[in-house]
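To start, the structure itself, in structure tokens.
Every number for a ligand or one of its atoms is a count from 1 in the order of the listing. Counting begins at 1 with the first residue of the sequence.
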Amino acid sequence: MTTANDQAPNAAGQTWNPEAYARDAGFVPVLGSAVLDLLAPTRGERILDLGCGDGVLTARLAEAGADVVGVDASPGMIAAARERGLAAHVVDGHELAFEGEFDAVFSNAALHWMSRDPAAVVAGAARALKPGGRFVAEFGGHGNVAAIVTALIAALDAQGVDGATRMPWYFPAPDAYRRVLEAHGFRIETIDLIPRPTPLPTGMTGWLRTFADPFLKGLSDSDRETVLNRATGWLATSLCDEDGHWSADYVRLRFRAARGD
Ligand code: BEZ
């Protein structure tokens with residue numbers, strides 16, 4: 001796999017490094033089987049993988065016989081997806097420019113990052129689909145990583161930084177997201193909020209190293225260290241078991257909707 005990573009942080013302050021992602025968060029595509037089952041891709045279908053990351057799940061869609069295109073805002077992740085031989089392009093999910101060409105739009109563990117204007121993302125997915133096409137996705141729902149978010153905000157506040165203003169993610173409740181989907185012409189087939197505590201192979205340190213950049217942007221090295229140590233210390237109470245195994249308090253929002261025309 002390539003060693004390329006993003007040259008600069010994105011608008012949320014996040015930098016993606018495919019190798020660190022595979023090491024610290026390789027469980028993300030592994031746990032994507034349920035949403036893949038809900039998608040049920042068939043041979044010859046044209047599918048858009050929205051927020052495809054390094055393309056691990058995109059490759060599974062291709063193996064199922066789909067004609068799949070991956071898009072992601074991270075150049076480093078797209079380079080990694082292309083190394084797998086996938087058709088993949090650097091595109092911000094808020095700015096999808098496809099018109100009526102896909103049988104399905106699929107997304108795993110990505111929509112919560114497209115937090116600037118979730119309605120614009122859903123509008124782009126609707127536009128990209130053929131009439132009757134389906135939008136099937138899983139991402140962080142209401143309450144996702146609540147302990148981690150709260151600990152980071154509290155640790156930043158203790159350092160004199162307004163932590164809440166740095167929250168980079170969109171974790172909607174099912175009713176709220178249903179309204180966004182319906183406002184863009186989708187008919188909801190299923191939408192569920194699913195608590196899924198998730199073991200962290202490289203502990204909370206690995207998770208924070210991979211995902212907490214937006215909370216830490218602009219801090220000095222010593223302030224970063226203080227915030228991370230404080231947050232990790234508080235989190236140990238609820239997310240580290242007696243044997244030192246860490247988990248994250250993931251809550252998934254999983255849905256299947258069809259363009260209702
Ligand atoms: C998630 O998959 O739920 C997630 C991953 C990284 C940061 C925030 C949420």
Legend entry - ring-ring contact (aromatic ring centres under 6.0 Å, His included) contacts touching residues 178-205 (sequence neighbours left out): Phe135-Phe186

Starting from the N and O atoms of ligand 1, find every protein N or O within less than 3.5 Å and list the pair with its distance.
{"residue": "ligand 1", "atom": "2 (O)", "partner": "Arg252", "partner atom": "NH2", "Å": "3.0"}
{"residue": "ligand 1", "atom": "3 (O)", "partner": "Asn144", "partner atom": "ND2", "Å": "2.7"}
{"residue": "ligand 1", "atom": "3 (O)", "partner": "Arg252", "partner atom": "NH1", "Å": "2.7"}
{"residue": "ligand 1", "atom": "3 (O)", "partner": "Arg252", "partner atom": "NH2", "Å": "3.3"}

Inset, instruction - Could you check Asp67 against Arg46 for salt bridge (charged side-chain N to carboxylate O under 4.0 Å, His left out), going step by step and ending with a plain yes or no? - result: CA-CA 5 Å; Asp67 173 12; Arg46 191 156 160 75; 3.3 Å; yes

Please table the atom pairs, donor to acceptor, closer than 3.5 Å between any side-chain atom in residues 250-260 and protein atoms at least two apart or in another chain.
{"residue": "Tyr250", "atom": "OH", "partner": "Trp207", "partner atom": "NE1", "Å": "2.8"}
{"residue": "Arg252", "atom": "NH1", "partner": "Asn144", "partner atom": "OD1", "Å": "3.4"}
{"residue": "Arg254", "atom": "NE", "partner": "Glu138", "partner atom": "OE1", "Å": "2.7"}
{"residue": "Arg254", "atom": "NH2", "partner": "Glu138", "partner atom": "OE1", "Å": "3.2"}
{"residue": "Arg256", "atom": "NE", "partner": "Glu189", "partner atom": "OE1", "Å": "2.6"}
{"residue": "Arg256", "atom": "NH1", "partner": "Leu38", "partner atom": "O", "Å": "2.9"}
{"residue": "Arg259", "atom": "NE", "partner": "Asp261", "partner atom": "OD1", "Å": "3.1"}
{"residue": "Arg259", "atom": "NE", "partner": "Asp261", "partner atom": "OD2", "Å": "3.0"}
{"residue": "Arg259", "atom": "NH1", "partner": "Ala126", "partner atom": "O", "Å": "3.2"}
{"residue": "Arg259", "atom": "NH1", "partner": "Leu129", "partner atom": "O", "Å": "2.8"}
{"residue": "Arg259", "atom": "NH2", "partner": "Asp261", "partner atom": "OD2", "Å": "2.5"}

Legend entry - Leu216 vs Leu228 side-chain heavy atoms within contact, under 4.5 Å: yes

Inset, instruction - List for me each residue that meets salt bridge (charged side-chain N to carboxylate O under 4.0 Å, His left out) alongside Arg116, sequence neighbours excluded, and say none if there are none. - result: Asp92, Glu95

Legend entry - Heavy-atom side-chain contact between Asp54 and Arg84 under 4.5 Å: yes

